[in-house]
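Hydrogens, waters and symmetry mates are skipped; everything else that's a heavy atom, side chains included, is used. Predicted, not measured: the structure shown is a model, and the values here were computed from it.
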Amino acid sequence: MARINLTIMIFACMLVPISIHSALGQEAVPMADSATIRGEIIDTSPEMYPIEGVTVEIINSGDGTEYTVTTNKDGYYEKRGLPAGRYTISVSKDGYGDRIGKSKVVAAGGEIFDRFKMREKENLLLISLSQVFTWQLVVGFVLGFLIALAINIGRPRV
């Protein structure tokens with residue numbers, strides 16, 4: 001009787017991964033054949049500070065499957081267990097400009113490392129003012145004012 005119970009338990013344990021796999025509706029990737037995508041997100045400052053909490057979307061270009069991970073306090077992210085294929089990585093975080101990387105191929109059992117630099121979004125008013133008041137515009141305004149002043153110095157006032 002004990003042998004029958006042990007046989008049934010072993011058989012049941014073998015069916016659990018199959019049922020979990022079927023419930024997910026995805027093809028299982030053996031760990032030896034799975035690929036890994038990892039990387040780092042830093043800011044554009046000269047110090048290249050890591051950015052925590054960046055949402056990293058890893059999209060399989062072949063079937064459109066999306067995987068989402070988040071960077072840790074050191075700006076690192078990692079996604080293991082991916083099937084081999086071509087992937088596009090996009091990163092986003094509130095207060096920063098979104099980025100989309102170039103498509104990359106990762107082989108079965110292989111891994112790739114991708115680093116992104118993200119720039120903080122500036123205040124809209126500051127962007128507008130910095131685009132309007134360039135140094136050429138200021139120099140042109142000052143020169144125009146001085147020329148107009150020089151022309152009008154010798155004229156009598158009415």
Side-chain angles (χ1 to χ4, degrees), residues 10-149:
I10 291 173
F11 185 69
C13 288
M14 289 173 26
L15 289 178
V16 169
I18 294 171
S19 63
I20 291 173
H21 166 68
S22 298
L24 292 176
Q26 296 179 354
E27 185 177 323
V29 178
M31 286 309 283
D33 293 337
S34 68
T36 301
I37 295 179
R38 66 181 75 201
E40 176 183 30
I41 312 292
I42 55 177
D43 67 13
T44 56
S45 70
E47 295 82 14
M48 298 188 298
Y49 292 116
I51 305 173
E52 180 180 7
V54 176
T55 301
V56 180
E57 289 185 353
I58 302 167
I59 302 165
N60 185 324
S61 301
D63 63 9
T65 306
E66 294 183 22
Y67 306 91
T68 303
V69 293
T70 305
T71 57
N72 65 13
K73 65 181 177 72
D74 298 320
Y76 289 103
Y77 66 91
E78 180 176 305
K79 180 62 182 165
R80 295 175 179 256
L82 299 169
R86 181 174 296 275
Y87 290 89
T88 302
I89 302 169
S90 64
V91 296
S92 62
K93 181 175 178 166
D94 287 340
Y96 289 85
D98 296 349
R99 301 283 315 273
I100 298 176
K102 292 181 180 178
S103 179
K104 297 191 184 239
V105 175
V106 61
E111 71 176 54
I112 58 172
F113 182 89
D114 208 358
R115 175 180 287 156
F116 285 88
K117 291 184 179 181
M118 294 181 76
R119 181 183 308 263
E120 279 190 87
K121 289 182 181 176
E122 297 178 7
N123 185 328
L124 187 58
L125 180 61
L126 292 177
I127 291 173
S128 298
L129 291 177
S130 67
Q131 290 174 347
V132 170
F133 291 108
T134 62
W135 69 269
Q136 296 96 336
L137 181 65
V138 172
V139 168
F141 179 77
V142 170
L143 285 175
F145 178 77
L146 291 175
I147 291 171
L149 187 64

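- Considering every non-hydrogen atom in both V54 and T71, the closest pair reads N-OG1, 2.9 Å.
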Report, one line per pair, each donor and acceptor closer than 3.5 Å where one atom sits in a side chain of residues 99-109; sequence neighbours left out.
residue: R99; atom: NH1; partner: K117; partner atom: O; Å: 2.4
residue: S103; atom: OG; partner: R86; partner atom: NH1; Å: 3.3

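- Taken to the nearest 0.5 Å, the CD atom of E111 stands 5.5 Å off from the OG1 atom of T36.
- Taking all atoms of both residues into account, the shortest heavy-atom contact from R80 to R38 is NH2-NH2, 3.9 Å.
- Applying the side chain to side chain donor-acceptor pair (under 3.5 Å) rule to D98 yields no partners; only residues at least two apart in sequence or on another chain are considered.
- A salt bridge links R115 with E40; the closest basic N to acidic carboxylate O contact falls under 4.0 Å.
- Counting only distance, with no hydrogens or angles, the side chain of N60 and the backbone of G62 share a donor-acceptor pair below 3.5 Å.
- In plain terms, the two heavy atoms of G39 and F113 that are nearest each other are CA-CE1, 3.6 Å.
- Closest approach of E78 and V69 over heavy atoms only: O-CG1, 3.7 Å.
- Atom CG of residue D114 and atom CD1 of residue I41 lie 8.0 Å apart, to the nearest 0.5 angstrom.
- Taking all atoms of both residues into account, the shortest heavy-atom contact from E66 to I59 is CG-CG1, 3.8 Å.
- Between the CZ atom of F116 and the OG atom of S92 there is a distance of 11.0 Å, given to the nearest 0.5 Å.
- With rounding to the nearest 0.5 Å, the separation of CD1 in I37 from OH in Y87 is 6.0 Å.
- Counting only heavy atoms from C-beta outward, the side chains of I89 and Y77 approach each other to under 4.5 Å.
- Counting heavy atoms from C-beta outward, Y49 and I51 have side chains that stay 4.5 Å or more apart.
- Side chain of K121 to backbone of D94: no donor-acceptor contact under 3.5 angstrom is found.
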